[in-house]
Amino acid sequence: MSNSQAWRAFKHRNYRLLYPASAMSNIGTWAQRVAQDWLVLELTGSAQILGIVTGLQFAPTLFLSLWAGSLADKFDKRKLLYITNIGAGVVSAWLGLLIVSGSVEIWHVYVAALTVGIFSALDAPVRTSFTSELVGKTDLPNAVSLNSANFNVGRLIGPAMSGFLIFFFGTGPSFLINSFSYVVMIVTLTMINADELHTQKGAELGTKIRDALRYIRSRLDLTLVMLTVFFSATFGLNYQIFNALMATQEFKMGPAEFGSLGTFLAVGSLSGALIAARLESWRVPRRIMAGAVIFGITLVLLSVAPNYLVYSIMLPFGGAIALMSLVSANSYVQTSVDPNLRGRIMGVYVLIFMGGTPIGSPMIGFLAGEIGIRATIAVCGTLTALAALILFLIFTVKRDAIGAAKAGSNQ
């Protein structure tokens with residue numbers, strides 16, 4: 001693919017406008033995530049409570065993402081994004097001010113994590129399906145890859161920035177910066193030109209969530225890809241907890257080093273996202289599953305890293321292969337479904353991608369407290385690789401049936 005093709009989504013004005021605002025929002029989000037983890041460890045020193053807080057933040061996804069996907073198919077996505085950004089911004093500012101004033105308690109963190117989780121659960125399916133309106137179907141795969149690169153620019157900058165802010169000023173400023181990033185996003189949304197949006201209408205398949213679930217069940221390729229994403233996200237993509245506990249408990253490091261781990265991870269994740277933008281051949285189920293197998297193996301290897309330096313060097317490789325697989329999965333799902341159902345199907349996808357976190361995070365926190373963080377990472381990597389391998393074998397055996405099902409659904 002030529003360089004111009006690799007960046008073709010930027011030919012759309014609305015996409016160009018929203019992209020830098022999204023980058024700032026992602027930086028703020030990652031800065032707050034690092035600060036939240038450090039704040040929990042400062043207040044409690046407990047791996048179990050860290051897992052509970054992470055679980056609270058993602059629990060609303062279990063209950064709201066499907067509903068949010070349905071809303072995305074029925075209402076103006078830009079207006080819905082106003083609501084989610086305003087809500088999350090207010091909560092971030094509230095907790096940041098409590099921290100700066102010295103009056104924060106752990107229950108404040110519980111409330112903030114749950115509330116931000118509610119707005120995030122509503123936001124994700126809407127924001128994801130809004131991309132197709134910004135660029136249209138033809139440029140959607142490229143936009144998905146560039147969005148993932150954007151997300152990982154935030155992961156590259158946000159954790160390191162937050163680590164140094166925590167070192168010099170404490171955790172409060174990270175929350176306040178994130179709150180400001182929501183203001184920037186809200187202002188940018190007002191500048192979107194509605195006449196340039198690519199609204200699509202597909203077959204009239206109904207307006208209920210069960211229509212999306214029925215559609216997914218009829219597509220074995222979608223089912224297997226989503227299951228691969230579920231195991232990878234639930235057990236594999238827990239670097240937020242892995243890095244916090246490895247930095248503090250295994251390597252005895254401070255906030256700057258902890259924040260740097262997020263940056264090292266993001267170097268690989270950003271590289272993987274940019275590579276995925278050029279390798280459209282990766283956007284097929286077998287390679288998505290094979291990538292997940294390799295990702296699980298890298299986690300097992302990461303669990304035996306002897307020191308902070310080796311751990312830091314290994315992180316980018318895990319980030320790169322994970323993002324190549326997950327970006328490909330996201331692109332595959334968005335571009336191979338009926339446009340009339342895209343919002344609801346992406347609601348299911350978000351539920352699959354993030355919905356396991358309320359289960360996985362407390363479990364990981366509990367295991368880390370019982371058997372240690374190294375053994376916990378090894379268990380998570382093994383589960384990720386083994387599940388992806390089994391799904392790969394199922395897909396290979398049933399490939400002809402899957403192709404027939406897909407062809408039938410597209411007629």
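Hydrogens, waters and symmetry mates play no part in the numbers below; they use all other heavy atoms, side chains included.
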To the nearest 0.5 Å, what is the distance between CD1 (Ile345) and CD1 (Ile216)? 5.5 Å
Using the side chain to side chain contact (heavy atoms under 4.5 Å, CB included) rule, pick out the option among Phe230, Phe395, Tyr349, Tyr332 that qualifies with Val225. Tyr332
Strictly by modelled atom types, are Asn26 and Thr29 linked by a side-chain donor-acceptor pair under 3.5 Å? no
At their closest point, which heavy atom of Ile373 faces which heavy atom of Met246, and how far apart are they? CG2-SD, 3.5 Å
Roughly how far, to the nearest 0.5 Å, is CG of Leu50 from CD1 of Ile241? 5.5 Å
Find the distance between CE (Met314) and CG (Leu302) and round it off to the nearest 0.5 Å. 5.0 Å
Any side-chain heavy-atom pair from Trp38 and Thr248 closer than 4.5 angstrom? yes
If we ignore hydrogens and angles and just use 3.5 Å, is the side chain of Thr234 paired with the main-chain N or O of Phe231 as donor and acceptor? no
Minimum heavy-atom separation for Gly28 to Asn178, with atom names? C-OD1, 2.9 Å
Of the non-hydrogen atoms in Met161 and Ala31, which two are nearest, and what is the gap between them? CE-CB, 3.8 Å
Any side-chain heavy-atom pair of Ser232 and Leu237 under 4.5 Å: no
Could you grab the distance from atom CD1 of Ile49 to atom OG1 of Thr44, nearest 0.5 Å is fine? 4.0 Å
Side chains of Val310 and Asn307: does their closest heavy-atom pair fall under 4.5 Å? yes
Going from CD1 on Ile377 to OG1 on Thr382, what distance comes out if it is rounded to the nearest 0.5 angstrom? 11.5 Å
I'd like to know whether Tyr308 forms a side chain to side chain contact (heavy atoms under 4.5 Å, CB included) with Lys252, so could you lay out the CA-CA distance, the side-chain angles of the two residues, the decisive distance to 0.1 Å, and finally the verdict. CA-CA 9 Å; Tyr308 178 84; Lys252 312 300 181 185; over 6 Å; no
Taking CH2 in Trp67 as the centre, count heavy atoms belonging to other residues, nucleotides or ligands within less than 6.0 Å. Is the count above 12? no
N/O donor-acceptor pair under 3.5 Å between Ser179 side chain and Phe175 backbone: no
Got Leu213 and Arg217 here, is their nearest side-chain heavy-atom distance under 4.5 Å? yes
Quick check on Tyr110: does its OH atom have over 12 non-hydrogen neighbours (other residues, nucleotides or ligands) under 6.0 Å away? yes
What are the two closest non-hydrogen atoms of Gly172 and Ile99, and how far apart are they? N-CG2, 3.4 Å
Do the rings of Tyr15 and Tyr19 sit parallel, tilted or perpendicular, given the 30° and 60° boundaries? tilted
Quick check on Met24: does its CE atom have over 12 non-hydrogen neighbours (other residues, nucleotides or ligands) under 6.0 Å away? no
Less than 4.5 Å apart, any side-chain heavy atom of Trp94 and any of Val90? no
Donor-acceptor contact below 3.5 Å, side chain Ser331 vs main chain Ser328: no
Leu189 vs Leu18 side-chain heavy atoms within contact, under 4.5 Å: yes
Taking all non-hydrogen atoms of both residues, which atom of Arg286 and which atom of Phe392 are closest, and how far apart? NH2-CZ, 3.4 Å
Could you check whether any side-chain N or O of Ser303 sits under 3.5 Å from a backbone N or O of Val300, counting only pairs where one atom can act as donor and the other as acceptor? yes
What distance do Glu370 atom CD and Thr376 atom OG1 have between them, rounded to the nearest 0.5 Å? 9.5 Å
Compile the donor-acceptor pairs under 3.5 Å between side chains in residues 116-123 and protein atoms, sequence neighbours left out, one pair per line.
unit_1, atom_1, unit_2, atom_2, d
Ser120, OG, Val116, O, 2.9
Asp123, OD1, Thr84, OG1, 2.8
Asp123, OD2, Arg127, NE, 2.6
Asp123, OD2, Arg127, NH2, 3.0

Indicate yes or no: at least one non-hydrogen side-chain atom of Ser174 is less than 4.5 angstrom from one of Ile177. no
Ignoring hydrogens and angles, tell me if any N or O in the side chain of Thr188 forms a donor-acceptor pair with the backbone of Val184 under 3.5 Å. yes
Before giving the answer on side chain to side chain contact (heavy atoms under 4.5 Å, CB included), spell out for Phe242 and Leu299 the whole-Å C-alpha distance, their side-chain angles and the decisive distance to 0.1 Å. CA-CA 10 Å; Phe242 296 160; Leu299 284 177; 4.2 Å; yes
Check whether any side-chain heavy atom of Leu95 lies under 4.5 Å from a side-chain heavy atom of Val91, and answer yes or no. no
What do the steps show when you test Leu222 against Tyr215 for side chain to side chain contact (heavy atoms under 4.5 Å, CB included), and what is the final call? CA-CA 9 Å; Leu222 288 181; Tyr215 182 89; 3.9 Å; yes
Around atom OH of Tyr82, are there more than 12 heavy atoms from other residues, nucleotides or ligands closer than 6.0 Å? yes
side-chain hydrogen bond (donor to acceptor under 3.5 Å, both in side chains) for Gln32 and Ser92? Distances and angles first, verdict last. CA-CA 8 Å; Gln32 178 166 313; Ser92 296; 2.9 Å; yes
Positive for ring pair (Phe, Tyr, Trp, His ring centres under 6.0 Å) with Tyr311, one of Phe264, Phe317, Phe251: Phe251
Which heavy-atom pair separates Ala9 from Asn142 by the least distance, and what is that distance? N-OD1, 3.0 Å
